[in-house]
Amino acid sequence: MKDQYDNKTTDWVDVNKPKYIETELGREKLCIQCGEYWPLDDEFWFTYSGKLKKDGTKSTCYEAACKSCYYIRYKPQRLQRPKKAIRSYYEKGGAA
Ligand SMILES: [Zn+2]
């Protein structure tokens with residue numbers, strides 16, 4: 001259960017914002033991580049195949065976080081640099 005004084009964790013950037021907006025350039029989607037709207041395009045979003053439609057084609061679904069936020073939100077462990085492990089190895093040896 002979420003504590004009422006806990007303002008660090010947010011499930012959604014702003015619940016009052018619509019998930020999608022229509023701009024003169026086309027449809028844009030809200031990123032739940034940075035709260036910015038980005039064009040609904042696989043250049044900005046990771047996609048996955050949705051349900052099979054009646055006409056035999058699959059609908060394209062977009063992840064909830066944009067490409068630049070995807071790893072921050074879903075795979076934070078991937079952001080750790082392997083160099084860090086090497087450095088700590090030398091630190092250990094030098095400290096003795
Ligand atoms: Zn984002």
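Counting starts at 1 for both ligands and their atoms, following the listed order.
Around the Zn ion (ligand 1), the protein N, O or S atoms found under 2.8 Å comprise C31 SG, C34 SG, C66 SG, C69 SG.
Through direct or indirect side-chain contacts shorter than 4.5 Å among Ile, Leu, Val, Met, Phe, Trp and Tyr, Y62 is connected to Y20, W38, L40, F44, W45.
Of all the heavy atoms in L52 and K58, the pair that sits closest is CD1-CG, 3.5 Å. Nearest heavy atom pair, residue R73 against residue A65, reads CD-CB, 4.1 Å.
Under the salt bridge (Lys or Arg N to Asp or Glu O under 4.0 Å) criterion, E43 pairs with no residue at all, not counting sequence neighbours. With sequence neighbours left out, the side chain to side chain donor-acceptor pair (under 3.5 Å) criterion links D55 to T57.
The shortest distance between side-chain heavy atoms of I72 and Q33 falls below 4.5 Å.
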